[in-house]
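When reading the values below, keep in mind they use all heavy atoms of this one structure, side chains included, and skip hydrogens, waters and symmetry mates.
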Amino acid sequence: MSRESLYRTLIFIAAAVLAILFFPRRSETSFTYHLNRPWTHQLLTAPFDIPIYMDSISKAAKIDSINKEFIPVFKEDKNIINSIDSEINSLSGISPSQKNNLKSEIDKIYSVGVVDPATAKIISDNSLTEVRFITGNSLVRKPVSFITPREAYSRLSEAIGQSADMHRAISDLHSTGRILPNISIDSVANSRLYREQLQPIEAATGVLQKGERIVDRGEKVTPQIYSVLTTYEEMLKSNDKRTQTSNLSLIVGQSLYVIILITSLFFYLYIYRKAEFKLPKRILVIVTSIVGLFIASSIVSSIFTSGLYVIPFAILPIMLTVFFDSRTAHFCNIIEVLMCAVFSAFPFEFIVIQILGGIAAIFSLKELSRRSQLLRTAFIVFATYTLSYISFELLQYGELSPTIWKVILYFGANAVLISFAYILIFVFEKIFGLTSMVTLVELCDINNPLLRRLSEECPGTFQHSMSVSTLASGAAMKINANVLIVRAGALYHDIGKTVNPAFFTENQHGVNPHDALDPTQSARIIIRHVTDGLRLASEYKLPQVLKDMICQHHGKSVTKYFYKIYEKQHPGEEIDKSLFMYPGPNPASREASVLMMADSVEAASRSLTDHSQEAISSLVNDIIDSQIRDGLHNESPISFRDIRLIKESFISRLRTMYHVRVAYPK
């Protein structure tokens, strides 16, 4: 097994392992249901005996009735009266008869009952007219006529008349706080009696036996069915033995599910995207995107309900469309959605909505060349999500649920996150060495430092590059090749000429330094502009796609001019062609083939004196046919139809570039 094959295998294995690790570990069957809404799952029967409890609505009504009718229990502290009697006996300044009179009045007050202010407020707030006391083994009801200590002192002052000595005695009792509450709430008794009244409500009203139907698809989830489902799920969680067995089965099922999906991705790349499959780094980009989004979905969905609707799944097809192609983006989006559907409460709804959102993102973003395109795509995805969700609500329930605005808000947050895909694209470019259309657009700016250097040091080469860019871009558009790659490649393909500009005819002004050199030396200098270009590309951190265009725009062709001169100077001698051959490799893409053809045709067209259609057509056909005969395009996926369209485009463009102007009068 080669090193690349080993890397590919390890990438797919690591992806499967990570996905399995982040799958939800719910051993019980998970259902999502709502009160008074149709049951959306299949027929559910009881796998074991399930006790039937009072439904939540009836239970709430019963509890409310108990709360309204419950009469609280109070208790009386008789020791308070004995304590106050001893205090009165110790008072000075009043006669024994006055002490007896004071005791009598205090006994009357305590017979009514004294409570603290907090208890008085509870009685007032609850509008209690009677309370209960425990007498022996029975409860006795008494009307509420309790007073506070402050009110007790007021009553006592009114009852004793005008005696100054008695008022002084009462003042002493008041200042020392001797009149204490003798009535208080009996919390222990209240709690016990309240629980006794709740017991019939909490107890099971029946048993749903094993095998009996709980609920069937389409049936309305009534309060009673809702209560049974809740009990069923709680019993599943508490059954440890069943949980362990189910967990093992679940892990096996999840592993098979992940392996099937990852294997599908493997064969898709192997069969339909061989170029990407041969490069482990490209596979790593795809797998990292899928698994990373899956892990994020696992974490978010475990934090809050409906969290999946916040995850910007459309970022995956957006990024893969930018870096690869729409077909790969769509296939990977399907894989991602099928993997993440296990987190969703409604898998079918989730799958349809996310696939439609991914399709909308791909269709709205054929080429990402401006930031504003992401905003437009985010809005289109938001609209697709919203309309799809509304359609499902109407199809399943016949009406929109009250919580629909919450879900639409999630979709809005999703759209905002999608608009940040630009940052993620930039990060992937730096980490994996990828090239987006936005980067190519920026590189095509003639104010770029390297292009500005080319225009200043090699103005002739710069004009040649601009002409090649115009010529090649038109042809690329005709054959549906990547126009931006061709345009950028054309602008940078000859940057190596900045090292020795005077040795290239377009930069010469009457003096040709090749006249003093041997043809092999001249060929070596000319050929070196490719390696010099690659060195400059690395120095200026140009993307790999432009480096490929630089080294492939001549392929393994021969510098025919110097080869022919050498051939004339050495008649009959066997010539080593490698001395005059570019290092290559030959074009490996349609874009590189277009650039090679455009470069040769544009350079040759400058020597034409006759710019008629016949002369231009002959030039274009001769040059391109010669390259094909030399096998320079054998490694490129370009077709005969593409070549015909390229020729037609070149001829049309050159006729426009060299059209004869009208002679202006002097």
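- The aromatic rings of F74 and F133 sit tilted relative to each other, their planes meeting at an angle between 30° and 60°.
- Here the shortest heavy-atom pairing between I185 and T119 reads CG1-CG2, 4.1 Å.
- Within 6.0 Å of the CZ atom in F324, the count of heavy atoms belonging to other residues, nucleotides or ligands exceeds 12.
- Side-chain atoms of S391 come within 3.5 Å of backbone N or O of S388 as a donor-acceptor pair.
- Under a 3.5 Å cut-off, the side chain of S289 and the backbone N or O of V285 do form a donor-acceptor pair.
- Taking the ring centroids of Y385 and Y410, they lie at or beyond the 6.0 Å cut-off.
- The side-chain hydrogen bond (donor to acceptor under 3.5 Å, both in side chains) test applied to E130 returns R141, not counting sequence neighbours.
- Of the candidates F22, F294, F350, F294 is the only one forming a ring-ring contact (aromatic ring centres under 6.0 Å, His included) with F343.
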Any chance you could lay out the side chain to side chain donor-acceptor pair (under 3.5 Å) test for E429 and S436, step after step, and finish with the verdict? CA-CA 7 Å; E429 281 186 319; S436 69; 2.7 Å; yes
Check the pair Y232 / L208 against side chain to side chain contact (heavy atoms under 4.5 Å, CB included), numbers first and verdict last. CA-CA 10 Å; Y232 165 68; L208 191 69; over 6 Å; no
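- Here the closest non-hydrogen pair linking L417 and I315 is O-CD1, 3.7 Å.
- Scanning all heavy atoms of the two residues, the minimum distance from T148 to P117 falls at CG2-CA, 4.4 Å.
- Residues L308 and Q354 are not in side-chain contact: their nearest non-hydrogen atoms beyond the backbone lie 4.5 Å or more apart.
- Without hydrogens or angle criteria, N414 side chain to I311 main chain gives a donor-acceptor distance under 3.5 Å.
- Atom CG of L338 sits about 5.5 Å away from atom CD1 of I351, to the nearest 0.5 Å.
- Atom CG of L365 is separated from atom OG1 of T377 by 4.0 Å, given to the nearest 0.5 angstrom.
- A distance-only check finds a donor-acceptor pair linking the side chain of S419 to the backbone of V416 [under 3.5 Å].
- Annotation: F70, atom CZ; neighbour count of heavy atoms from other residues, nucleotides and ligands within 6.0 Å is above 12.
- At least one side-chain heavy atom of R273 sits less than 4.5 Å from a side-chain heavy atom of D325.
- Remark: the backbone N or O of S58 is paired with a side-chain donor or acceptor of D55 at under 3.5 angstrom.
- Side chains of L265 and F12 form a contact here, defined as non-hydrogen atoms less than 4.5 Å apart.
- By the neighbour-count criterion of 12 heavy atoms within 6.0 Å, atom NZ of K62 is sparsely surrounded, having that number or fewer from other residues, nucleotides or ligands.
- In this structure, CE on M437 lies 9.0 Å from CZ on F323, to the nearest 0.5 angstrom.
- The shortest side-chain heavy-atom distance between E276 and I283 does not fall under the 4.5 Å cut-off.
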Report the C-alpha separation of I201 and I66 in whole Å, then their side-chain angles, then the decisive distance to 0.1 Å, and conclude whether the side chain to side chain contact (heavy atoms under 4.5 Å, CB included) test is met. CA-CA 10 Å; I201 300 174; I66 290 173; 3.3 Å; yes
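- Within a 6.0 Å sphere centred on NZ of K430, other residues, nucleotides and ligands contribute 12 heavy atoms or fewer.
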Show your working on side chain to side chain contact (heavy atoms under 4.5 Å, CB included) between F379 and S364 and close with a plain yes or no. CA-CA 10 Å; F379 175 78; S364 65; over 6 Å; no
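- Listed for the T205 side chain is a donor-acceptor partner under 3.5 Å among the backbone atoms of I52.
- For F432, the ring-ring contact (aromatic ring centres under 6.0 Å, His included) partners are F428, not counting sequence neighbours.
- Between Y270 and F277, the ring centre distance stays below 6.0 Å.
- Taken from CD1 in I183 to OG in S145, the straight-line distance is 9.5 Å, to the nearest 0.5 Å.
- Here the closest heavy-atom approach between residue C332 and residue L320 is recorded as CB-CD1, 3.4 Å.
- No side-chain heavy atom of F331 sits under 4.5 Å from any side-chain heavy atom of Y272.
- Taking all atoms of both residues into account, the shortest heavy-atom contact from M235 to P51 is SD-CD, 3.7 Å.
- To the nearest 0.5 Å, atoms CD (E105) and CG (D107) are separated by 9.5 Å.
- A donor-acceptor distance shorter than 3.5 angstrom exists from the side chain of S255 to the backbone of I251, with no hydrogens or angles considered.
- Within a 6.0 Å radius of CZ in F420, other residues, nucleotides and ligands contribute 12 heavy atoms or fewer.
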Pair L293-F313, side chain to side chain contact (heavy atoms under 4.5 Å, CB included): steps then yes or no: CA-CA 7 Å; L293 196 55; F313 286 97; 3.8 Å; yes
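- Although no hydrogens or angles enter the test, the distance criterion places no donor-acceptor pair under 3.5 Å between the side chain of N182 and the main chain of D77.
- Considering only heavy atoms from C-beta on, Y268 comes within 4.5 Å of T328 through its side chain.
- Contact detail for P317 and N333: the closest heavy-atom pair is CD-OD1, 3.8 Å.
- The CG atom of L198 sits 11.0 Å away from atom CG of L193, with the distance rounded to the nearest 0.5 Å.
- Side-chain contact check for I408 versus W405: some heavy-atom pair is nearer than 4.5 Å.
- The closest donor-acceptor contact from the side chain of Q224 to the backbone of Y53 lies under 3.5 Å.
- Although no hydrogens or angles enter the test, the distance criterion places no donor-acceptor pair under 3.5 Å between the side chain of S344 and the main chain of A341.
- Taking 4.0 Å as the cut-off between side-chain N and carboxylate O, R155 and E151 do not count as a salt-bridged pair.
- Between R282 and L434, the closest side-chain pair of non-hydrogen atoms falls below 4.5 Å.
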Working for side chain to side chain donor-acceptor pair (under 3.5 Å), residues R150 and S154: CA-CA 7 Å; R150 185 173 182 176; S154 298; over 6 Å; no
